[in-house]
**Student:** 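The structure's right below; bear with me while I get my questions together.
All of these numbers come straight from a predicted model, not from anything done at the bench. Residue numbers start from 1 in every chain, and the chains themselves are labelled A, B, ... in the order their sequence lines are given, proteins ahead of strands.
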Amino acid sequence: MSSGRYQALKGMKDIMPPDIHVWQSVERKAREVFSAFGFREIRPPIVEATGVFTRSIGENTDIVEKEMYTFEDKGGRSITLRPEGTAPVVRCYVENHLYNMPPPQKFYYAGPMFRYERPQSGRFRQFYQIGAECFGSPHPAADAEMLSMLRHFLSGVGLPNLKFQVNSIGCENCRPAFKDSLVAFFAEKIDDLCADCRRRYGQNPLRILDCKVEGCREARKGAPRVTDHLCEDCRVHFEHLLLLLEKLGIPHSVNPEMVRGLDYYTRTTFEVTSENLGAQNAVAAGGRYDRLVKEFGGPETPAVGFAIGMERVVELLKAAVQYDLPRPLAFLAMLGKQAGIEGVLIADRVREKGLWVELGDAGSSLKSQMRRADRLNAQYVFIAGDDELRAGSLKWKRLSDSAEGEVAIQGVVDFLQSLS
RNA sequence: GUGGGCGUAGUUCAACGGUUAGAGCACUGGACUGUGGCUCCAGUUGUUGGGGGUUCGAGUCCCCUCGCCCACCCCA
């Protein structure tokens, strides 16, 4: 608002109380659930050589073409703030020869990503993802495990009713043929397509399938469906995955029109969406990427992963769940210089036990200290004044019901420990 | 990159082109000299985002600019 001072950059936000407590609880839940599935944390750098992203995400995707924060470092190297988490993890996996460990190797990460886009509801230039990657298993069971883990996380955090959509976009054997049949299908309808789709027709015809323009919806009726054009292996893989999802009781729908924005996906892709978000309604998304490790110079290694959009999860949770703000166990009001010294010592002993105590200002009135205790929502107020110090004890008051009592100074720590 | 909406106190918002830009909440103090919340009283808070223009006079109208929000594109 004030224009002369510094502000956070466009699309970047300070995450602070009270929201930070929601963030922390989401992260805690992710670690808990992912650990139960055998995933371990990995923390790659936030900046990578630019090639890590251009080669994996795809040269003519929007991310690479116009959304990356790319700079030159002082040595003239092109470096990029990571726009997504999978490529750095794959780079790490290959660089550290993790393919020599017994498969599958399972990792998760959490942290900021950067994309230079126009911000809008649910979309930021610095945003946070929690992601998971599983290397070394080609089986549909691995895909199912990822989706199951995602569901446990979401319902564990308080979002049990989100929509799961799955699709299979085939592999390098069947996708080219499918693309060809799409191109053939749209060839005679090209005039009915919107300007964007006419461009997509040449670049990435799959994208025409999820265009929202009415004319394009109409034009694609009767278009060939990926799921009808899968090769035998891909078809079996997908059907097995669907069977497992059924058995696991994960409500899902197959959406043959779902397309992902990154080039590296093979076979399974999936997306979890919410109707309570805005236009950017994907809460989490992911899929299988069986060729990426090899492209990074490792051995052929199948893999599957997903990423969760933190601010979207937090947004939904703030609307759905009531969070209790952390509150101090006790507030120590002090009156006069002597009490001011004694009080600091008492509080120090209590805090040593890990209990939250706030100290009042010994120079201000008891009334204002009480008011501060109330605003902090402290459970107990302890009062240290001349009378109390002479008697070697403190008065206490419980703010919820105004109950009062006395406790020996020597016994304050025990007293508070018994309360917490 | 394109389109739309909005910028007034810490915050939520008022103010027909016309006096010194107001109110609720919040904050500080008091009524209650050592007991919070409720009530009452008093007090503090502004480059009306910034710059230019029109006008006797601009928070209000016009232009530029910056920022925020929403949508497209795309995505988590």
**Student:** Taking atom P in both B:G53 and B:A14, what distance in whole Å separates the two?
**Tutor:**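 Roughly 30 Å separates the two P atoms.
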
**Student:** Examine B:U28: is either OP1 or OP2 under 4.0 Å from a nitrogen or oxygen in the side chain of A:Arg375? Give yes or no.
**Tutor:**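 Yes, A:Arg375 has a side-chain N/O under 4.0 Å of OP1/OP2 on B:U28.
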
**Student:** Using atom P in both nucleotides, what's the gap between B:C64 and B:C69 to the nearest angstrom?
**Tutor:**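 Comparing P positions in B:C64 and B:C69 gives a spacing of 23 Å.
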
**Student:** In the strands shown, is B:C32 matched to any nucleotide by a Watson-Crick or G-U wobble pair with both distances under 3.5 Å, and which?
**Tutor:**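 Per the H-bond distance test, none.
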
**Student:** Considering just the side-chain nitrogens and oxygens of A:Lys367, establish if one lies under 4.0 Å of OP1 or OP2 belonging to B:G37.
**Tutor:**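 Negative; the distance criterion is not met.
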
**Student:** Counting Watson-Crick and G-U wobble pairs only, both distances under 3.5 Å, name the nucleotide matched with B:G17, or none.
**Tutor:**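 Answer to the pairing question: none, since B:G17 forms no Watson-Crick or G-U pair.
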
**Student:** Using atom C1' of each nucleotide, how far apart are B:U45 and B:G29 to the nearest Å?
**Tutor:**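 Taking atom C1' in both B:U45 and B:G29, they lie 15 Å apart.
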
**Student:** Return yes if the base of B:C74 and the side-chain atoms of A:Arg260 contain a donor-acceptor N/O pair under 3.5 Å, otherwise no.
**Tutor:**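 No pair found.
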
**Student:** Please check if the distance between the ring centroids of A:Phe164 and A:His252 is under 6.0 Å.
**Tutor:**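 Aromatic pair excluded; centres sit 6.0 Å or further apart.
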
**Student:** Using the C1' atom as the point on both nucleotides, what is the distance between B:G22 and B:A9, in whole Å?
**Tutor:**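 About 10 Å, rounded to a whole number of Å.
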
**Student:** Between B:C75 and A:Gln280, is there an OP1 or OP2 to side-chain N/O distance shorter than 4.0 Å?
**Tutor:**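 So the side-chain polar atoms of A:Gln280 never come under 4.0 Å of the phosphate oxygens OP1 or OP2 of B:C75.
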
**Student:** Need the pair for B:C27. Rule: Watson-Crick or G-U wobble, both distances under 3.5 Å, any strand; none if unpaired.
**Tutor:**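 Partner of B:C27: B:G43.
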
**Student:** Can you find a donor-acceptor pair, distance only, under 3.5 Å between A:Lys397 side chain and B:G36 base?
**Tutor:**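 Check passes, donor-acceptor contact within cut-off.
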
**Student:** Should the side chain of A:Glu388 and the base of B:G34 be counted as holding a donor-acceptor pair, with the cut-off at 3.5 Å?
**Tutor:**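 By the distance-only test, yes, there is a pair.
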
**Student:** Does A:Lys10 place a side-chain N or O at less than 4.0 Å from the phosphate oxygens OP1/OP2 of B:C68?
**Tutor:**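 Indeed, a polar side-chain atom of A:Lys10 lies that close.
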
**Student:** I want to confirm an ordering. Mapping A:Ala378 and A:Ile63 to their closest nucleotides on RNA chain B, which one lands closer to the 5' end?
**Tutor:**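 Its nucleotide being nearer the 5' end, the pick is A:Ala378.
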
**Student:** Would you kindly compare A:Phe124 and A:Met370 by the position of their nearest RNA chain B nucleotide and give the one closer to the 5′ end?
**Tutor:**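 Counting from the 5' end, the first nearest nucleotide belongs to A:Met370.
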
**Student:** Please name the nucleotide paired to B:U2 by Watson-Crick or G-U wobble geometry with both distances under 3.5 Å, or report none.
**Tutor:**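 B:A71 is the nucleotide pairing with B:U2.
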
**Student:** Taking atom types as they are modelled, would you say the side chain of A:Arg118 forms a donor-acceptor pair with the base of B:G3 within the 3.5 Å cutoff?
**Tutor:**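 By the distance-only test, yes, there is a pair.
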
**Student:** Rounding to an integer number of angstrom, what distance separates B:C74 and B:A15 when you compare their P atoms?
**Tutor:**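 Looking at atom P only, B:C74 and B:A15 are 42 Å apart.
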
**Student:** Parallel, tilted or perpendicular: which describes the rings of A:Phe306 and A:Phe34, with under 30° parallel and over 60° perpendicular?
**Tutor:**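 Perpendicular: the ring planes of A:Phe306 and A:Phe34 meet at over 60°.
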
**Student:** Roughly how many Å apart are B:C68 and B:U11, using the P atom of each and rounding to a whole number?
**Tutor:**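 Result for the P pair: 15 Å, nearest Å.
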
**Student:** If you measure from the C1' atom in B:G67 to the same atom in B:G49, how many Å do you get, rounded?
**Tutor:**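 One C1' to the other, the span is 7 Å.
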
**Student:** Can you tell me how the ring of A:Phe37 sits relative to the ring of A:His152, calling it parallel under 30°, perpendicular over 60° and tilted otherwise?
**Tutor:**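 Tilted: the ring planes of A:Phe37 and A:His152 meet at 30° to 60°.
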
**Student:** In the strands shown, is B:C38 matched to any nucleotide by a Watson-Crick or G-U wobble pair with both distances under 3.5 Å, and which?
**Tutor:**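 The base-pairing partner of B:C38, which may sit in any strand shown, does not exist here.
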
**Student:** Given the C1' atoms of B:C25 and B:C61, what is the spacing between them in whole Å?
**Tutor:**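 Going atom to atom, C1' in each nucleotide, I get 33 Å.
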
**Student:** Nearest 0.5 Å, please: how far is CD1 in A:Ile409 from CD in A:Glu388?
**Tutor:**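 Reported to 0.5 Å precision, the distance equals 8.5 Å.
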
**Student:** Tell me, please, whether A:Tyr116 has A:Arg125 positioned over its six-membered ring: NZ or CZ under 6.0 Å from the ring centre and within 45 degrees of its axis?
**Tutor:**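 Yes.
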
**Student:** Donor-acceptor pair under 3.5 Å: do we get one between A:Ser365's side chain and the base of B:G34?
**Tutor:**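 Under the 3.5 Å cut-off, the side chain and the base do not form any donor-acceptor pair.
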
**Student:** Do A:Tyr264 and A:Tyr289 make the cut of ring centroids closer than 6.0 angstrom?
**Tutor:**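 Centroid distance A:Tyr264-A:Tyr289: below 6.0 Å, so yes.
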
**Student:** Counting only side-chain nitrogens and oxygens, does A:Gln120 get under 4.0 Å of the OP1 or OP2 atom of B:C72?
**Tutor:**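 So the side chain of A:Gln120 is within the cut-off, an N or O lying under 4.0 Å from OP1 or OP2 of B:C72.
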
